[in-house]
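Each chain gets a letter, A, B and so on, in the order its sequence line appears, and its residues count up from 1. Only heavy atoms go into these numbers, but all of them, side chains included; no hydrogens, no water, no symmetry mates.
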Number of protein chains: 2
Amino acid sequence: MTRILDQTEVLGFRPLYRQVRDRLIRNLVDGVWAPGEALPSEMQLAADLGVSQGTVRKALDAMAAENLVVRRQGRGTFVARHDEERILFQFFKLVPDSGVPSFPDSRVLSLSQGRADANERSLLALTPGSKVIRIKRVRSIEDRPVIAETISLPAALFPDLAGMAVPNNLYGLYAMHYGITIANTQEKLKAVGASPDDAAILGVTPGTPVLRIDRLALALDKTPVERRLSICLTQDLHYLSDLS
Amino acid sequence: MTRILDQTEVLGFRPLYRQVRDRLIRNLVDGVWAPGEALPSEMQLAADLGVSQGTVRKALDAMAAENLVVRRQGRGTFVARHDEERILFQFFKLVPDSGVPSFPDSRVLSLSQGRADANERSLLALTPGSKVIRIKRVRSIEDRPVIAETISLPAALFPDLAGMAVPNNLYGLYAMHYGITIANTQEKLKAVGASPDDAAILGVTPGTPVLRIDRLALALDKTPVERRLSICLTQDLHYLSDLS
DNA sequence: AAGTGGTCTAGACCACTGA
DNA sequence: CAGTGGTCTAGACCACTTG
């Protein structure tokens with residue numbers, strides 16, 4: 001592998017370690033290294049790319065900060081896996097008022113396919129007429145239904161999904177069967193009254209105050225991949241947000 | 001200033017750059033450098049502390065990642081200031097559904113002092129009988145009241161606060177007059193129905209779904225400093241949470 | 001031009017893991 | 001024990017700001 005060149009001319013300046021990082025992320029997107037697999041060692045990568053070990057280190061440290069890889073002293077650098085523990089820690093912010101966070105069970109209510117509506121088109125960057133897969137499910141903690149969830153996926157990205165068993169941990173499915181890694185999510189929260197439908201699903205009266213979480217999930221290359229609308233009962237739960 | 005010694009013996013290993021970081025944070029807590037002021041240059045600090053420039057750099061980079069200092073190429077490293085722009089970006093997550101975030105105006109409804117209740121004692125780590133200052137205020141965006149807020153402060157940390165004008169930006173006041181820098185906050189969100197009191201303040205009917213944000217703010221040294229209970233109307237606003 | 005932080009390199013040594 | 005990532009150092013050069 002030959003050395004990457006600086007391109008100081010136009011775009012202002014892109015540091016070498018940035019180029020190394022982008023190149024390694026490209027490899028992740030392309031599935032060169034599978035989730036859970038070890039990357040080559042720093043020395044190896046440095047030799048391959050024609051840069052110093054320190055530069056590779058800086059790129060890998062940045063990727064570790066983005067939760068794309070996990071580094072373990074004495075063992076190596078590994079592609080981050082989308083197992084439940086990681087999802088729980090990274091993306092699932094609803095925790096019981098007293099007690100430890102736990103991954104909720106889920107039961108699928110319906111799975112259908114149709115034309116994307118205006119909202120889905122805008123969020124998922126789809127063209128008019130594009131199809132989306134919609135999954136509606138209810139999630140329970142300690143056997144009590146607490147989340148009614150509607151998930152919209154671009155059908156083009158997920159062929160044959162309709163014929164598969166829908167697992168509890170969807171992000172694991174995206175990674176495993178479609179090679180799509182969710183890297184970022186953006187969530188917009190509001191308090192609203194429960195609609196009759198959602199109220200029925202959750203076993204409360206319509207109009208009950210519920211937390212409405214509108215999540216958009218992006219892949220490694222910033223492509224929008226999933227829109228998820230969650231209606232949450234927060235009687236015994238809260239959404240935990242740490243800022244610093 | 002003499003070199004800091006490793007203390008590998010007991011606690012397992014504390015890297016040099018960590019010790020440098022802790023030492024610099026100690027200086028921030030002690031007010032050696034005021035907010036907005038420039039720290040000594042990397043070379044200067046390295047000479048003072050008897051370590052290499054690279055080690056100082058790593059410590060400062062870590063502090064920049066924690067938003068404690070701001071580094072500007074060609075100018076220097078500055079103690080982070082608690083001006084409105086920074087607060088807006090760092091701690092204020094409520095944004096209009098369409099449009100740019102803006103800092104809300106606020107009007108104080110009451111300011112009183114009393115014994116901390118059980119909840120305040122537990123959150124603020126106070127002993128029974130400790131006094132707290134309570135501020136109740138309403139905050140408006142574009143002249144519409146959208147947040148009813150109750151703030152509890154340990155009276156011991158904020159002498160004479162009752163006699164001061166309460167500014168819109170409280171964290172600026174804490175920093176300026178009391179030398180207390182808010183470094184982290186933890187927020188717990190729930191959807192609830194508005195109480196009669198809050199409903200009256202916000203101009204809605206009791207029971208209207210509102211977002212309840214229970215915030216605990218910590219100082220640089222992890223001391224709990226402020227508890228803030230915000231009741232928010234989210235008809236035209238949402239709470240924005242970016243995860244990665 | 002001088003001074004700052006930012007990048008990149010090279011090399012030594014340390015801490016941790018697993019065979 | 002060899003191999004990995006983690007720390008620390010020293011030095012060269014680059015990009016940016018200010019005078």
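- When base pairs are accepted only as Watson-Crick or G-U wobble with both N-N or N-O distances under 3.5 Å, DNA chain C takes part in stems of 3 or more pairs at C:1-18 with D:1-18.
- If you check residues 56-68 of chain A against DNA chain C, the residues with a heavy atom closer than 4.0 Å are A/Lys58, listed by number.
- In terms of heavy atoms, B/Phe91 sits closest to B/Ala183 at CZ-O, 4.0 Å.
- Each salt bridge (charged side-chain N to carboxylate O under 4.0 Å, His left out) pair with one or both residues in residues 92-107 of chain B, not counting sequence neighbours, appears once here: A/Lys190-B/Asp97.
- Cation-pi check for A/Arg86 over A/Phe92 is not met; the charged atom does not lie both under 6.0 angstrom from the ring centroid and within 45 degrees of its normal.
- The interatomic distance linking A/Arg18 (CZ) with D/dA15 (C1') rounds to 17 Å, in whole Å.
- The distance between atom CD of B/Gln53 and atom P of D/dT7, rounded to the nearest whole Å, is 18 Å.
- Checking the phosphate oxygens (OP1, OP2) of D/dT4, no side-chain nitrogen or oxygen of A/Thr77 falls inside 4.0 Å.
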Tabulate atom names and distances for all N/O pairs under 3.5 angstrom spanning the protein and nucleotides 17-19 of chain D.
residue : atom : partner : partner atom : Å
D/dT18  : OP1  : B/Arg75 : NE           : 3.3

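- Distance B/Phe78 CZ to C/dT4 P: 11 Å, rounded to the nearest Å.
- The backbone N or O of A/Pro159 sits less than 3.5 Å from a side-chain atom of A/Tyr178, completing a donor-acceptor pair.
- If you take CZ of A/Arg71 and P of D/dG3, they are 18 Å apart, rounded to a whole angstrom.
- Distances shorter than 4.0 Å separate none of the side-chain N or O atoms of A/Thr55 from OP1 or OP2 on C/dT7.
- Within residues 33-43 of chain B, the residues that place at least one heavy atom under 4.0 Å from DNA chain C are, in residue-number order, B/Ser41, B/Glu42.
- Formation of a donor-acceptor pair under 3.5 Å by the B/Asn169 side chain with backbone atoms of B/Gly172 is found in this model.
- Close to D/dT7, at under 4.0 Å from its OP1 or OP2, lies a side-chain N or O of B/Tyr17.
- In this structure, the CZ atom of B/Arg72 is 16 Å from the C1' atom of C/dG3, given to the nearest Å.
- Test B/Ile151, B/Val132, B/Asn119 against B/Arg227 for side-chain contact (heavy atoms from CB on, under 4.5 Å) and you get one pass: B/Asn119.
- Of the possible polar contacts, none joining the B/Glu187 side chain to the A/Leu240 backbone as a donor-acceptor pair under 3.5 Å is found.
- Note: CG (B/Leu45) to P (C/dG3) measures 17 Å, nearest angstrom.
- The salt bridge (charged side-chain N to carboxylate O under 4.0 Å, His left out) analysis of residues 38-47 of chain B, with sequence neighbours excluded, yields the pairs B/Glu42-B/Arg57, B/Glu42-B/Arg71.
- Atom pair A/Gln19:CD and C/dC8:C1' shows a separation of 12 Å (rounding to whole Å applied).
- Here the C1' atom of nucleotide C/dC8 and the CG atom of A/Leu16 are 7 Å apart, to the nearest Å.
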Residue pair A/Glu142, A/Arg144: steps toward the salt bridge (charged side-chain N to carboxylate O under 4.0 Å, His left out) verdict: CA-CA 6 Å; A/Glu142 290 168 9; A/Arg144 291 166 56 175; 5.9 Å; no

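- A tilted orientation is assigned to the rings of B/Tyr171 and B/His82, their planes being inclined by 30° to 60°.
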